Amino acid sequence: MNLQLFDTYERKVRPFEPLVDNKVGIYACGPTVYNFAHIGNLRTYLFEDLLIRVLVANGYEVNHIINITDVGHLTSDADTGEDKMELGTKRTGMTAWELAEFYTEAFQADLAKLNILAPSVWCKATDHISEQIEFVVDLEQKGYTYATSDGLYFDSRKLKSYGHLARLDVEGLQAGARVKLGERRFVTDFALWKFSPPGEQRQMEWDSPWGRGFPGWHIECSAMSAKYLGDYFDIHCGGEDHIPIHHTNEIAQTEASKGTRLANFWMHGYFLQMDKAKMSKSTGDFLTLDVIGERGFSPLVYRYFCLTAHYRSQMSFSLESLEAAKTALTRLYETAFSWGEPGTVDEGTLTRYFDCLNDDLNMPRALAVVWELVRSNLPGDVKKATLLRCDEILGLDIANWEMDQVDVPDEVEELVKAREAARASKDWAQSDELRDAVNKLGYAIEDTPGGAKISTLD
RNA sequence: GGUCGGGUAGCCAAGUGGUUAGGCACCGGUUUGCAAAACCGAUUACACGGGUUCGAUUCCCGUCCCGACCUCCA
């Protein structure tokens, strides 16, 4: 089966064809770096990693761009007062610049831990201020802007196609609007450039033809994607929350300026839903990769967990289901390890596997094929070779997995030896007593044909 | 309030107008001194009420519930 992908713009699955030869340009909306990424954020990057691995497997040469939104406004115009970047600087004592750098590095480290392939280019909004200003100047010359006392705005009603991506009901939006218009002329108008508040010195601000200030959020993506991928490129992705506002506005800017619709495919990763642990970023109380790591779940367990749901479905998170993923993944690792060296690949399995993936990245079904392979009667070396090919997409690093080497204290070692002796003389009472003693010290014993296997008790 | 998307077994989660998704847990069996692990097998579904149809979990309508966005959340 040839690759087919769901396009939010057309709201359907359709065949994927690159715009140029076999090259694919992808722009993925990156994080705003005022805090750690939570596991919900990371699900979206896992989806994009899946997409990229499948494109590569289909023989395409992928040029993958991720942006870093490292400029946010520091003086809030929200009703509640302080904005997130400012809270971040207060919380940590860092400057806005230090804050951005710190959380950018933390984010990149998280991606690496999740075995997410690094993009071709990382681009920061603050490194592309002039490109953004040029973009806005062009929009201004084409008559799509107007100024208010706090910034330069995009006049969304000038663009007939505005809101097509999200199928926005503009009249309905206006009727049900919760947000104050302020000086904006229409509810869907948005800032291209915001002025620094009078009499205040922002940590991040630049001169522009309209006055000192900083770029609106949406313009960075239109400007940077144009720079690295051209005005019209293959795939633009991000989280589902970006459909109605951010991506809608990116499209509006680019259509107004360049006359193209920006990307051929628009793809969106859907949210992770939390049960008890809420993703309340405002309190700083949310689950990060490090937090679940402290609870005994490795990053690749989280990766596996995410692979069990389709990227276009919201997924329910709980420690219970993460535990299920951990058990399944451990079984997969141990079983694959037991197969030894790889032999020849089973092409039938591989074909079924990639057919699932080429059908809009249906990883849950592809994973079912993997488990059928695992439980099949094929020889171990064939299973191993086939599984390793599957792992080029799974990204679980199956080839390098090894049994945990547990450091066993001498005390425990002695008890285990004594127990082995007791078992050899069939003194089961003594043997069980010694096993209890080992358990009390925090270690578990499993009797295998190769001798006692010792592990730490959870 | 407006717009959009969902409700599948104990949990997570695919999919389909009629034929076993898959994983985890649970139960039974094999094996093992016992236990664990492993392997084999079985059970538990399509929110509710109507409609279309030979047949609906799948299509249509309504109801209830959940979520997303409208707040520079992925």
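All chains are named by letter (A, B, ...) in the order of the sequence lines, taking the proteins before the strands, and each is independently numbered beginning at 1. What you see is a predicted model; the values in this text were computed from it and never measured. Computation of the quantities below employed the complete heavy-atom set of this structure, encompassing side-chain atoms and omitting hydrogens, waters and symmetry-equivalent molecules.
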If I take atom CG in residue A:Leu307 and atom C1' in nucleotide B:rG23, what distance separates them, rounded to the nearest angstrom? 12 Å

In the strands shown, is B:rG41 matched to any nucleotide by a Watson-Crick or G-U wobble pair with both distances under 3.5 Å, and which? B:rC27

Which pairs would a plain distance check flag for residues 106-114 of chain A, meaning a side-chain donor or acceptor within less than 3.5 Å of a matching protein atom at least two apart in sequence or in another chain?
residue, atom, partner, partner atom, Å
A:Lys113, NZ, A:Asp290, OD1, 3.1

Can you check the A:Asn35 CG to B:rC72 P distance for me, whole Å? 17 Å

Taking the side chain as C-beta and beyond, is there a heavy-atom pair between A:Gln314 and A:Leu272 under 4.5 Å? no

With a 6.0 Å cut-off on the ring centroids, do A:Phe6 and A:Phe265 count as close? no

Any chance the rings of A:Tyr103 and A:Phe36 have centres within less than 6.0 Å? yes

Atom-pair distance (CD on A:Glu250; P on B:rA74), nearest Å: 14 Å

Within the structure shown, what part of the strands sits under 4.0 Å from A:His246 by heavy-atom distance: base, sugar-phosphate, or nothing? nothing

What interatomic distance, in whole Å, is found between C1' of B:rC72 and the corresponding atom of B:rC65? 31 Å

Could you pull out all residues at least two apart from A:Arg53 that satisfy side chain to side chain donor-acceptor pair (under 3.5 Å)? A:Asp49

Show your working on side-chain contact (heavy atoms from CB on, under 4.5 Å) between A:Trp266 and A:Leu165 and close with a plain yes or no. CA-CA 9 Å; A:Trp266 287 84; A:Leu165 176 76; 3.9 Å; yes

My understanding is that only residues two or more places apart in sequence, or in another chain, count here; which of them pass side chain to side chain donor-acceptor pair (under 3.5 Å) with A:Tyr304? A:Trp371

What pairs of donor and acceptor atoms, side-chain ones from residues 432-446 of chain A against any protein atom, are under 3.5 angstrom apart with sequence neighbours left out?
residue, atom, partner, partner atom, Å
A:Asp432, OD1, A:Arg435, NH2, 3.4
A:Tyr443, OH, A:Asp407, O, 3.4

So, with a heavy-atom separation below 4.0 Å from RNA chain B, the residues of residues 387-398 of chain A are none

Check A:Trp193 against A:Arg212 and note the closest heavy-atom contact, atom names and distance. NE1-C, 4.2 Å

Can you tabulate the close N/O pairs, meaning under 3.5 Å, that link protein atoms to atoms of nucleotides 41-45 of chain B?
none

Determine yes or no for a side-chain-to-main-chain donor-acceptor pair under 3.5 angstrom, with A:Arg303 supplying the side chain and A:Leu394 the backbone. yes

Complementary nucleotide for B:rC4 - Watson-Crick or wobble, under 3.5 Å: B:rG67

Taking the nucleotide of RNA chain B with the nearest heavy atom to each, does A:Ser316 or A:Arg167 sit closer to the 5' end? A:Arg167

Do the side-chain N and O atoms of A:Glu220 and A:Gln132 include a donor-acceptor pair separated by under 3.5 angstrom? no

Below 4.0 angstrom, which residues in residues 107-120 of chain A have at least one non-hydrogen atom near RNA chain B? none

For A:Thr44, report the nucleic acid contact type (base, sugar-phosphate, nothing); a contact means any heavy atom under 4.0 Å. base

Who is the Watson-Crick or G-U wobble partner of B:rA14, with both distances under 3.5 Å? none

Both distances below 3.5 Å, Watson-Crick or wobble geometry, any strand: find the nucleotide opposite B:rU52. none

Any donor and acceptor pair, going by atom type alone, linking the side chain of A:Thr8 with main-chain N or O of A:Arg11 inside 3.5 Å? no

For the pair made of CZ in A:Phe271 and P in B:rC66, what is the distance, rounded to whole Å? 19 Å

Given that both distances must come in under 3.5 Å, which nucleotide forms a Watson-Crick or G-U wobble pair with B:rA21? none

How would you list, by chain and number, every residue that makes a side chain to side chain contact (heavy atoms under 4.5 Å, CB included) with A:Arg261, sequence neighbours excluded? A:Asp7, A:Tyr9, A:Glu10, A:Arg14, A:Tyr232, A:Glu255, A:Asn264

Would A:Arg419 and A:Asp447 pass as an ion pair if we require N to O under 4.0 Å? yes

What residues form a side chain to side chain donor-acceptor pair (under 3.5 Å) with A:His246, not counting sequence neighbours? A:His218, A:Glu250

Ion pair A:Arg365/A:Asp359, N-O distance below 4.0 Å: yes

Touch check for A:Gly238, heavy atoms < 4.0 angstrom, all strands: base, sugar-phosphate only, or nothing? sugar-phosphate

Whole angstrom value for the distance that separates C1' of B:rA68 from CZ of A:Phe317: 20 Å

Is A:Asn41 close enough to B:rC73 that one of its side-chain N or O atoms is under 4.0 Å from OP1 or OP2 there? no

What residues 363-379 of chain A contributes to the RNA chain B interface at heavy-atom separation below 4.0 Å is A:Pro364, A:Arg365, A:Ala368, A:Trp371, A:Arg375

Along nucleotides 26-34 of chain B, 5' to 3', which nucleotides get a B, which get an S, and which get a -, given that the test is a protein heavy-atom distance under 4.0 Å? -------BB

Once you round it to whole Å, what is the distance between P of B:rC4 and NE2 of A:His242? 21 Å

Any base atoms under 4.0 Å from A:Ile245, or only sugar-phosphate, or nothing? Heavy atoms, all strands. sugar-phosphate

Applying side chain to side chain donor-acceptor pair (under 3.5 Å) to A:Ser257 and not counting sequence neighbours gives A:Asp138

A:Arg331 vs B:rC24: side-chain N/O to OP1/OP2 distance below 4.0 Å: yes

